[in-house]
Amino acid sequence: MYIQIPTDMDEVQMRQLQLKQQGETWSEDQIIHQAVLDTFQAYLDQIEDGHYDTATWQGESLIVTDINGDQTATVQPQSATFITDFRKDADQTATDLEQAAIKAAGAR
């Protein structure tokens, strides 16, 4: 089984092993960081029926920009970082990201 976007800590560890087999070394935190961004972007694309807005990191926040490059939303973690949120409760973090994507997509 190939893990592209980990949804829990077990999958984070599996993804880490997959990357190691490919000669890449990623920490758990790096994998979680990428998983949070990828999960949020996937929700955003699904809600908007395509890739119209782009999420990027700015510090510990996710910033959403539209196709014109204008910032349309900012998503904050529930705790100090999304990594902490994911480690505490990955399912709740995914739910929070989905709700944030709905809000970000509906902001326009």
Side-chain angles (χ1 to χ4, degrees):
M1 179 159 100
Y2 186 78
I3 306 294
Q4 288 187 336
I5 303 175
T7 60
D8 59 32
M9 287 307 298
D10 289 336
E11 290 186 2
V12 166
Q13 292 169 353
M14 288 175 61
R15 180 73 177 135
Q16 193 174 30
L17 288 173
Q18 290 169 343
L19 290 166
K20 187 174 184 178
Q21 289 173 343
Q22 297 172 4
E24 298 181 44
T25 304
W26 286 48
S27 69
E28 285 184 353
D29 285 356
Q30 288 173 308
I31 292 168
I32 294 168
H33 199 253
Q34 187 63 49
V36 167
L37 177 63
D38 292 345
T39 299
F40 180 75
Q41 186 67 58
Y43 283 134
L44 200 55
D45 291 350
Q46 180 182 7
I47 292 161
E48 295 178 340
D49 291 324
H51 187 90
Y52 297 100
D53 293 336
T54 300
T56 56
W57 285 107
Q58 186 175 71
E60 293 299 329
S61 302
L62 290 168
I63 304 299
V64 180
T65 54
D66 64 16
I67 58 175
N68 296 321
D70 297 326
Q71 183 176 328
T72 59
T74 301
V75 180
Q76 302 286 339
Q78 296 298 313
S79 66
T81 69
F82 280 105
I83 292 169
T84 303
D85 292 349
F86 187 97
R87 285 181 180 278
K88 181 179 176 187
D89 189 340
D91 290 335
Q92 184 61 51
T93 302
T95 299
D96 293 344
L97 291 170
E98 182 179 23
Q99 293 303 310
I102 291 168
K103 185 176 178 183
R108 291 173 284 118

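Values reported hereafter were calculated over all heavy atoms of this structure, with side chains retained and with hydrogens, waters and symmetry mates removed.
The CD atom of Q34 sits 9.5 Å away from the OG1 atom of T39 when rounded to the nearest 0.5 Å. Separating the CD1 atom in I83 from the CD atom in E28 is a distance of 10.5 Å, to the nearest 0.5 Å. Residue F40 holds its CZ atom at 7.0 Å from CG of L97, rounded to the nearest 0.5 Å. We find the OG1-CG distance between T84 and D29 to be 8.0 Å, quoted to the nearest 0.5 Å. Atom CG of D53 is separated from atom OG1 of T65 by 7.0 Å, given to the nearest 0.5 angstrom. For the atom pair CD (E24) and CD (Q30), the distance works out to 10.5 Å, reported to the nearest 0.5 Å.
Under the 3.5 Å distance criterion, the side-chain polar atoms of E60 are left unmatched by any main-chain donor or acceptor of T81. Looking at D8, its side chain does come within 3.5 Å of a backbone N or O of D10 through a donor-acceptor pair. Judged by distance alone, with hydrogens and angles left aside, the side-chain atoms of S61 form no donor-acceptor pair with the main-chain N or O of T74 at under 3.5 Å. A donor-acceptor pair under 3.5 Å is formed between the side chain of Q18 and the backbone N or O of I3.
By the criterion of side-chain heavy atoms lying less than 4.5 angstrom apart, applied directly or through intervening Ile, Leu, Val, Met, Phe, Trp or Tyr residues, I47 is not grouped with I63; the two fall into different hydrophobic clusters. Hydrophobic cluster membership differs between I32 and I5, with clusters built from Ile, Leu, Val, Met, Phe, Trp and Tyr side chains linked at under 4.5 angstrom. Cluster membership check: V75 shares its hydrophobic cluster with L37, using side-chain heavy-atom separations under 4.5 Å among Ile, Leu, Val, Met, Phe, Trp and Tyr.
Of all non-hydrogen atoms in A55 and Q41, the two that sit nearest each other are N-OE1, 2.8 Å. Of all non-hydrogen atoms in H51 and D45, the two that sit nearest each other are ND1-OD1, 3.1 Å. Closest approach of A101 to L44, counting heavy atoms only: O-CD1, 3.7 Å.
In this structure, W57 and H33 have parallel ring planes: the angle between them is below the 30° cut-off, well short of the 60° mark.
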- Message: Apply side-chain contact (heavy atoms from CB on, under 4.5 Å) to residues M9 and F86 and explain how you reach the verdict.
- Response: CA-CA 8 Å; M9 287 307 298; F86 187 97; 3.8 Å; yes

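Partners of R15 by salt bridge (charged side-chain N to carboxylate O under 4.0 Å, His left out), not counting sequence neighbours: none found. Applying the side chain to side chain contact (heavy atoms under 4.5 Å, CB included) test to A94 and every residue at least two apart in sequence or in another chain returns Y43.
Within 6.0 Å of CD on Q22 lie more than 12 heavy atoms contributed by other residues, nucleotides or ligands. Enclosure of atom CD in Q4 is not indicated, since only 12 or fewer non-hydrogen atoms of other residues, nucleotides or ligands lie within 6.0 angstrom.
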